[in-house]
Amino acid sequence: MSDTVQSSSGRVMVRVAAMDDLAEGRLKLVRAAHAKLAIVRTGETVRAVSAMCTHARIFLAPGNLTSDGLIECPMHGAMFSPEDGSVRCAPATKPLTVHEVKLLDGEIFVDPGEEPVEENADTTKPGARPSAAQWGNWG
Amino acid sequence: MADTVDIAALVDEEAGHVSRRIYADPAVYEAEQEGLFRRAWGFLAHESEVPEPGDYVERQLAGENVLVIHGKDGVIRAFLNSCRHRGMRLCRADKGNASFLRCPYHGWSYSPEGELVSVFAEELYDAEHLDKSELGLIKVTQVDSYKGFIFGCWSEETPALDEYLGDMRFYLDILVGRTPGGVEVMGPPQCWEVHTNWKFATDNFTGDNFHLYTAHGSIAELGLLPPDPMALSFGNLIQAQRGHVLHIVPGPPIPEAEYFGLPMELRPVIEETLSEPQREIAKGHAFSVGTVFPNLSFMQVMVQGDLRSPPTPFLSFRIWQPTGPTTTKVWSWLFVEKEASEEYRKATYEAYVRTFGPSGIFEQDDMENWEECTRMNKGAIAQRYNLHHGMALQVPPDPDFPGPGKAWPGSYGERTQLCFYGEWKRWLTQEEPWA
Ligand code: FES
Ligand code: FES
Ligand SMILES: [Fe+2]
């Protein structure tokens, strides 16, 4: 079987796992091209969201969802819905991005999305500065 | 026990490992007192604390009580606060003004310049048994000051203060020498005791910016820190010279956050006073935290004391004085420009007391963490496992950085901690660590 398929809008989707690899109520981390994604299976549906917590840019951890079926960040405890990536509990304020999923013969294909343009440059690059957005309403 | 500690094995700068024993072992504490604190320069007082002849303050140098006193001749000196007769603690107030220093026990009295001037029942001694000129107060071996900051040192061999501070002076000038008048203290220091090893304080004050969103998470939740936990990760970690280290961190891209947020009316004179590279650094940054090796730390930060107040800068210097292997006395001073307005003095004072000092909302979080770190690291089992200092060690220094020393881009990292521990190890293991 091919490692990629086309999405309805013509985007390249990458094979990341098989249905049999996924257990109900557990989060699995996968790589799709440049993207690190978190995938969750509910019955015969699979959802994929970006694996990086939007709070301090920490990678989410594989493992059980909360008893409410939410994704919990290991660092400061933010919670996200695996359905639509929305924030269910602080301190994160921005949702996780949702990635399109396609199931084909028990295999899971995911759209990795565009390669992100790093909005805040690598902080270890000489002369890098924070953006106004990172400071929000501070002050 | 002291000879059974292999100090050199306790710190591995290359690997980024530090033994837990350095925070709890009584033998390490003893080695530290002898090798480090009885040889290094220690901060005693600021000249503005003793402005008039006869003014004195009592301080500690390597755990011994020292009197810093302004002589009638205008010279500020430092003596052991101990009478030459039976050793009584001569001045029992921690601050005052004295025409003579009178011993509370048998009454021997000394001039503010440290000479023994009168002895009780002097007629009962013969010349052979009393030579007053030999019995002046014991002088601190070396005393010198930099920009009003008076330091003392118990060793003759230690290089002079200017050489000891070296390139750290470039950065200190940005904080304490940025106006023609320089800075002065706002009142006496606040002092309090903490059940921690002093090196947890310096570890934090060598530029630990990455504890903010966890240790101070409740403050972040209130909205008193910027929403993105990476907002404070920019800037540089700097090794000015040897164990003298700091970080400089930019604020949001607005003019209010330039020059550490200092009042607009002071900025023209700051721009005039600083050199070009110092000006560039001051203009581009809102925060700086660092340590003059071994235990004088500073923080120049903009903070919000509550939700209604705008971010307001303050400059604090503090000493982490070890009083035992796992206890520390903190001395914390607030400084302000001599030229500062009354209004700014009030604002900076309020920002400081609300956030730092024994009741400050930030300081409370820090103390709790340092006390619990100390308590955990006392364990014999715990001590079998090293602590970890490995963040951003792969980042090379920036060759174009405008200041002296080495500057690693990014303020989240553990470079400066390792510089500190490396220097700490040299003082405990080498004959001439400064060489
Ligand atoms: S990094 Fe996820 S909650 Fe802070
Ligand atoms: S994360 Fe630093 S002590 Fe635990
Ligand atoms: Fe802190």
Side-chain angles (χ1 to χ4, degrees), chain A residues 34-36 38 49-61 63 66 70-81 85-97 113 115-139, chain B residues 209-210 212-215 217-237 249-254 256-257 261 280 284-287 302-304 307 309-313 391-402 407-413 415:
Chain A
H34 56 83
K36 209 167 165 188
V49 291
S50 64
M52 191 186 271
C53 176
T54 56
H55 181 233
R57 299 195 287 153
I58 298 294
F59 281 114
L60 300 168
T66 66
L70 298 175
I71 301 171
E72 179 180 354
C73 174
M75 180 78 23
H76 309 106
M79 305 229 201
F80 303 92
S81 155
S86 60
V87 178
R88 295 301 180 82
C89 180
T93 54
K94 283 179 264 164
L96 300 173
T97 30
E115 192 130 20
V117 195
E118 266 304 320
E119 63 175 69
N120 40 50
D122 176 2
T123 67
T124 61
K125 235 178 54 209
R129 311 279 301 181
S131 67
Q134 289 182 284
W135 288 80
N137 296 326
W138 186 77
Chain B
N209 244 27
F210 49 87
L212 292 169
Y213 286 83
T214 24
S218 56
I219 299 174
E221 265 169 44
L222 282 174
L224 299 177
L225 287 173
D228 183 344
M230 298 306 276
L232 284 152
S233 67
F234 294 82
N236 285 270
L237 294 169
V249 181
I254 49 171
E256 288 81 356
E280 187 184 333
H285 297 91
F287 310 89
M302 289 176 79
V303 290
Q304 279 179 281
L307 288 166
S309 320
T312 304
M391 192 195 292
L393 301 188
Q394 74 284 4
V395 176
D398 175 4
D400 301 321
F401 186 74
W408 293 273
S411 69
Y412 285 3
R415 262 295 167 194

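FYI, side chains are in, hydrogens and waters are out, and symmetry mates aren't considered; it's all heavy atoms of this structure. By convention in this document, chain letters (A, B, ...) are assigned in the order of the sequence lines, proteins followed by strands, and residues within each chain are numbered from 1.
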Residues two or more places apart in sequence or in another chain: which of them pass side-chain hydrogen bond (donor to acceptor under 3.5 Å, both in side chains) with Thr97(A)? Ser50(A)
So which part of Pro227(B) gets closer than 4.5 Å to some heavy atom of chain A, the side chain, the backbone, both or neither? both
Partners passing ring pair (Phe, Tyr, Trp, His ring centres under 6.0 Å) against His55(A) (at least two apart in sequence or in another chain): His76(A)
Just give me the residue among Phe287(B), Trp408(B), Phe401(B) that pairs up with chain A most often, heavy atom to heavy atom, under 4.5 Å. Phe287(B)
Below 4.5 Å, heavy atoms only, C-beta onward: do Ile58(A) and Met52(A) meet side chain to side chain? no
Of all heavy-atom pairs between Leu237(B) and Tyr412(B), which one has the smallest distance, and what is that distance? CD1-C, 4.4 Å
Looking only at Gly223(B), Gly217(B), Pro311(B), Ala220(B), most heavy-atom pairs under 4.5 Å shared with chain A are made by Pro311(B)
So which of Pro409(B), Gly235(B), Pro399(B) has the biggest tally of heavy-atom pairs under 4.5 Å with chain A? Pro409(B)
Answer with side chain, backbone, both or neither: which region of Ala90(A) has an atom nearer than 4.5 Å to a non-hydrogen atom of chain B? neither
Applying the side-chain contact (heavy atoms from CB on, under 4.5 Å) criterion to Gln304(B), which one of Leu224(B), Leu225(B), Leu222(B), Ile219(B) satisfies it? Leu224(B)
May I ask you to name which of Pro252(B), Ser233(B), Pro229(B) has the most heavy-atom pairs under 4.5 Å with chain A? Pro252(B)
Between Gly410(B), Pro226(B), Pro253(B), who has the most heavy-atom pairs with chain A when the cutoff is under 4.5 Å? Pro226(B)
What residue, out of Ala392(B), Ser411(B), Pro310(B), Gly284(B), has the most heavy-atom pairs lying under 4.5 Å from chain A? Gly284(B)
Report yes or no: does His34(A) contribute a side-chain atom to a donor-acceptor pair with the main-chain N or O of Gly113(A) at less than 3.5 Å? yes
